[in-house]
Amino acid sequence: LIDNIVILSRGTNSWDQNLLPGTWRVAYIRSGEGGGGLDRRIPFPEFSFNQSYQRFTLDTVTNIGEVLGPNVRVEVKGSLREENIGSNQVPKRFR
């Protein structure tokens with residue numbers, strides 16, 4: 001998916017909502033509020049085999065944090081809404 005985004009966005013800085021749906025691995029690209037990383041209200045063990053990722057549709061997001069690998073995980077689902085609707089500027093902000 002990342003390769004597709006890079007290829008499709010080469011030379012542009014515009015948002016294409018059709019690239020959002022899918023599974024995205026959580027990565028720190030900048031500090032969160034207060035300078036911290038991700039806001040983890042449930043502390044997950046930092047085992048090397050645990051992954052954190054998100055599944056997006058156009059209007060929902062599911063945050064997934066593995067506790068003991070893929071067999072034991074926590075899923076938190078919610079709605080997804082653009083903060084700057086109508087703008088194709090990146091980066092996009094969502095709530």
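Note: hydrogens, waters and symmetry copies are ignored here, and every other heavy atom, side chains too, is used. Everything quoted here is computed from the prediction, not taken from an experiment. The chain is numbered in sequence order, starting from 1.
- Gly65 approaches Ser52 most closely through the heavy-atom pair CA-OG, 4.3 Å.
- Take Gln51 and apply the side-chain contact (heavy atoms from CB on, under 4.5 Å) test, not counting sequence neighbours, and it matches Arg25, Tyr53, Glu66.
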Sequence neighbours excluded and cut-off under 3.5 Å, please list the side-chain donor-acceptor pairs for residues 76-83, or say none.
| from | atom 1 | to | atom 2 | distance (Å) |
| --- | --- | --- | --- | --- |
| Glu82 | OE1 | Lys92 | NZ | 2.6 |
| Glu83 | OE2 | Arg95 | NE | 2.9 |

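- The ring pair (Phe, Tyr, Trp, His ring centres under 6.0 Å) analysis of residues 63-85, with sequence neighbours excluded, yields no pairs.
- Take Phe94 and apply the ring pair (Phe, Tyr, Trp, His ring centres under 6.0 Å) test, not counting sequence neighbours, and it matches Trp15.
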Test side-chain hydrogen bond (donor to acceptor under 3.5 Å, both in side chains) on Ser48 and Asn50; report intermediate values, then the result.
CA-CA 6 Å; Ser48 61; Asn50 283 345; over 6 Å; no
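- Listed by first and then second residue, the ring pair (Phe, Tyr, Trp, His ring centres under 6.0 Å) pairs involving residues 65-88 amount to none (not counting sequence neighbours).
- For the atom pair Asn71 CG and Phe49 CZ, the distance stands at 10.5 Å (nearest 0.5 Å).
- Side-chain heavy atoms closer than 4.5 Å link hydrophobic residues (I, L, V, M, F, W, Y) into clusters, and following such links, even through other members, never connects Phe56 to Ile85.
- Residues in residues 58-78 take part in no ring pair (Phe, Tyr, Trp, His ring centres under 6.0 Å) pair, two or more places apart or across chains.
- In the hydrophobic cluster analysis, where Ile, Leu, Val, Met, Phe, Trp and Tyr join through side-chain heavy atoms closer than 4.5 angstrom, Leu19 is grouped apart from Leu58.
- From Arg73, atom CZ reaches atom CD1 of Ile64 across 5.5 Å, with rounding to the nearest 0.5 Å.
- Closest approach of Leu68 to Phe47, counting heavy atoms only: CD2-CE1, 3.8 Å.
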